Structure formats: C-alpha cells, structure tokens
Amino acid sequence: MNEWLPALAALAGTVAVYQGTRWFYRRFPYPMTLPIVTGTITIVLFLLAMDISYSTYMSGGQWIEKLLGPAVVALALPLYKQRQTVKKYAFVLTAGVTAGAVAGVLSGYVPARWLGLDDELIATVLPKSVTTPVAMDIAQTTGGIPAVAAVFVMVAGIGGVVSASYVFALTGISQSLAKGIAFGAASHAIGTAKALENSELEGTAGSVAMTLSALFLSFITPLLTAIFFS
Amino acid sequence: MQTIRIVFHIAILFLFYYTGVWIQEAFQLMIPGSIIGMLLLLGCFSLNIVKPAWLEQGTSLLLSHMPLLFLPVTAGIIAHTSLFAGEGLWLVVIAYISTLLVLVTSGWTVQLLLKRGTRDE
C-alpha cells in the first residue's frame, strides 16, 4: 500500500505538470516554452526541492515511459498516410535526408573526438537530429545516456528553429520543399511544427523527412559507432 | 466505448513494439526494437494486413501527447547535471553547430536536385 502511494503521486504529478506546461505553451508559444523544456525543468526542480530521488519518482514514471515504444511504432501511420508525398518526391527526400544525416553524424563525431570526449558522451550526442523517443533508443543501443541524449535533441530542435530563417537567407535556401526537408532532418518534430507554420508543403515535407531521418539514423548510427569506437 | 477502442488500438501498437524488440534480441540487431516494430507496421499497412482505421484513435492520442511520454526519461537528467558544468557544455555547442550544418546540407541538396530536375525537362 505504502509503495503504491509515491508511484501514484508521480504518475498524477507528471500528468498535471504536462497539462500545466501545455496550457502555458498555448498562451506563450515560443520554442523555449515547449512542454518538454518547461515540464522537465519543473519536475527536476520539484524533485530537488522535495529531496525525492529519481528512482522513487520513476516507480510511477516508468508506467508513462512504457508507452514510448508504442509511440515510436505509431509514427508508421502518418508516414503511411503521406505515401503520395513520399512517392512523388522520393528521390529528393532520400537524398536530402541522407545528406543531412551523414553531415549531422560526422559534424557531431569529429569535433567531439578531437576534444577527446569519451565514447559514452559521443554516442549520446550523435542521434540529436531525430525525434526524442527514437534518439533515446539509439543512444541506448550505442552505449550513450538516453536522458542526456534528449537534451541534445532539444538543442537541435530549438537551436535549429531559432536560427533557420537566418541560415536559409544566408545560404540562399528558398524553396518550400528544401526548407521543409531541412527542418525535418535537422530539427525533427520541433522543426516540423515550424515548417507547418510557413506552408502546408513545407510542413508535410518536414514531417516525412523527420520520420525518414529517424529510420535512416537508427540504421547508420549503430553502424558508424561500431566503426568509430573500435 | 471510446476508451475501450483506444486501449485496443494501443494494444495493437504494443504488439508491434514487442515483436520488434523480440526480433532485435533474437537476431542481435543494432537497430532499436521500436523502429523494427514501426517498419513491421508500415509493411502491414502496405500489404493491407492492418487497416489504418484499426488503430487511428490510439495512434493520434499517443502522437499528440508524445512530450508527456518522455517527461519521465528527460527528468533523468537530474542524475547528470554535473555533466553540463564541464565537457557537456562543449557538446551543446557541437550539437548546435552540427544542427546548422544539417539544415544547410539537406536544404542545398534538395534545392540543387530540384534545379537540375527542372533544367532537364
């Protein structure tokens, strides 16, 4: 009985924090006020203030976490629904996502190795361009730290969205399809949401690119880390 | 009725997820089990074995509340805060610059291919 109480409190508390931060985001919609950012900060501060250990919190939190696997599986549905877009732009989509994924992994790996960081940290930063649950899964398989990987996913999402308009202007990237695919490949769901604000084609391209990028990186990241870390 | 339907939809997703995890473990694959499950479901959609309507509501519920699902994991950062006082800070910089490079590489690749495509026509 007494073991159930903290678990239930953690479960209810997480849902309440999520609802609160979602409401806050609707009123003040900026990348920095995304529920994942403010929600994580709220929970961490609460645990620290109340002196509750993470494992106590996870006795309840794990029940929410269990839904992450099925949620990744669920990404198949939007991708399937957009199969016309996938077919129509198959070549540019594949090329754009592949080029972006390779650029992302190499530009993450080379400077990190150069700075002499250890394998665990490098494996943690490499999957940053894909949506959080997939990034955490990739980090898990390659020996990284899932919770920290999520932080780099946020850096890629928020950093990309905040800087994209300058980057696109500076580099002459102006077509909707190109911008959408770039958003999806670099900044996953956060980038896709931004692309959707600009135009429908950009949003659809972003959402397809995001899922393809998640697929592609879950194949090449373990492969490359096996080579890099040997 | 609505709740039962959603639970059923999520149960189907769990089935694909655990099949994916099982395949990963059985064949010692490096690809996450969740991604294998997603590919299996995609395959079943294409072959008409599973109809999108069978899991529509459960799927959109999970996808629209994705941030809630990873809050417990991201709160795990609490055990790694010291990281961001040292080396981790460099990684934040690397992650940011690398993201800008991905934006440019993807965008340029697509734009270059589109331009070539129109010229050929």
Side-chain angles (χ1 to χ4, degrees), chain A residues 14 18 35-36 39-40 43-44 47 54 61 64-65 67-77 80 92 95-96 99-100 103-104 107-108 111-112 115 117 125 128-129 132-133 136-137 141 146-148 150-152 155-156 159-160 164 167 171 173 175 177-178 181-182 185-186 218-219 222, chain B residues 10 13-14 16-17 20-21 30-35 37-39 41-42 45-46 52 55-56 58-59 62-63 65-80 83-84 87-88 90-92 94-111 113-114:
Chain A
T14 308
Y18 171 67
I36 184 65
T40 305
I43 294 175
V44 166
L47 295 181
Y54 180 62
I64 300 175
E65 189 200 345
L67 286 166
L68 266 181
V72 173
V73 175
L75 288 169
L77 187 63
Y80 180 70
V92 283
S107 62
L115 283 170
L117 301 180
V125 79
K128 69 185 182 318
S129 310
T132 313
M136 291 191 303
D137 269 354
T141 23
V148 180
V151 174
F152 297 126
V155 172
V167 172
T171 53
I173 295 168
Q175 276 156 317
L177 199 62
I181 294 173
S218 30
F219 280 88
Chain B
I10 294 176
L13 293 173
F14 261 111
F16 277 92
Y17 172 62
V21 171
M30 288 289 273
I31 310 149
S34 54
I35 289 288
M38 175 191 157
L39 286 173
L41 180 59
L42 208 58
F45 282 148
S46 316
L55 29 84
E56 181 93 58
T59 299
L62 281 190
L63 290 180
H65 295 294
M66 194 89 112
L68 167 66
L69 308 186
F70 43 72
L71 271 182
V73 193
T74 52
I77 190 74
I78 198 169
H80 304 282
L83 210 76
F84 289 95
E87 298 171 316
W90 277 111
L91 282 173
V92 171
I94 292 173
Y96 174 68
I97 295 172
S98 169
T99 299
L100 303 187
L101 288 172
V102 177
L103 277 173
V104 176
T105 314
S106 276
W108 268 351
T109 306
V110 174
Q111 206 149 282
L113 290 172
L114 287 176

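Values in this document were obtained by computation on a predicted structure and should not be read as measured data. Each chain gets a letter, A, B and so on, in the order the sequences are listed, and its residues count up from 1.
Per-residue counts of heavy-atom pairs under 4.5 Å with chain A were compared for B:E56, B:H80, B:H65; the largest is that of B:H65. Of all the listed residues (A:A150, A:G108, A:S129), the one sharing the greatest number of non-hydrogen pairs under 4.5 Å with chain B is A:G108. Per-residue counts of heavy-atom pairs under 4.5 Å with chain A were compared for B:L41, B:V73, B:T105, B:T109; the largest is that of B:V73. For the options A:A74, A:P133, A:A147, heavy-atom pairs under 4.5 Å to chain B are most numerous at A:A74. Counting heavy-atom pairs closer than 4.5 Å to chain A, the top residue among B:L39, B:V21, B:L63, B:I97 is B:L63. Taking B:I31, B:L100, B:L55 one by one and counting their heavy-atom pairs under 4.5 Å with chain A, the maximum is reached by B:I31. Chosen from A:V44, A:I173, A:V72, A:V92, the residue pairing most often with chain B at heavy-atom distances under 4.5 Å is A:I173. In terms of heavy-atom pairs under 4.5 angstrom with chain A, the leader among B:L103, B:T59, B:T74 is B:L103. Contact count against chain B (heavy-atom pairs under 4.5 Å) is highest for A:A182 among A:A95, A:P146, A:A182, A:G160. When each of B:Q111, B:M66, B:M30 is checked for heavy-atom pairs under 4.5 Å with chain A, B:Q111 comes out on top. Contact tally against chain B (heavy-atom pairs below 4.5 Å) for A:G159, A:S218, A:G61: the top residue is A:S218. Of the residues considered (A:T14, A:L68, A:L47), A:L68 shows the highest number of contacts with chain B, using heavy-atom pairs under 4.5 Å.
Using a 4.5 Å cut-off between heavy atoms, B:A79 makes no contact with chain A at all. Only the side chain of A:L115 comes within less than 4.5 Å of a heavy atom in chain B; its backbone stays farther off. For a residue to count as touching a neighbouring chain, one of its non-hydrogen atoms must lie under 4.5 Å from one of that chain's; by this rule A:V125 touches chain B with the side chain only. If you measure heavy-atom distances from A:V151 to chain B, the contacts under 4.5 Å come from the side chain alone. With a 4.5 Å cut-off on non-hydrogen atoms, A:I64 touches chain B through its backbone and its side chain both.
The two residues A:A178 and B:G107 make their nearest non-hydrogen contact at CB-O, 3.6 Å. Closest approach of A:A103 and B:V102 over heavy atoms only: C-CG2, 4.5 Å.
The distance from atom CZ of B:F45 to atom CG of A:L77, rounded to the nearest 0.5 Å, is 4.5 Å. Between atom CD1 of residue A:I43 and atom CD1 of residue B:I77 there is a gap of 13.0 Å, rounded to the nearest 0.5 Å. Rounding to the nearest 0.5 angstrom, the gap separating the CD1 atom in B:I35 from the OG1 atom in A:T141 is 10.0 Å. Once rounded to the nearest 0.5 Å, the distance linking OG of B:S34 with CG of B:L13 reads 12.0 Å. How far CG of B:L71 is from CD1 of A:I36: 4.5 Å, rounded to the nearest 0.5 Å.
With hydrogens and angles ignored, the 3.5 Å screen pairs a side-chain donor or acceptor of B:S106 with a backbone N or O of A:G96. B:W90 places no side-chain N or O within donor-acceptor distance of the main-chain N or O of A:P111, the cut-off being under 3.5 Å.
Listed by chain and number, the residues in a ring pair (Phe, Tyr, Trp, His ring centres under 6.0 Å) with A:Y54 amount to none (sequence neighbours excluded). A search for ring pair (Phe, Tyr, Trp, His ring centres under 6.0 Å) contacts involving A:F219 returns nothing, not counting sequence neighbours.
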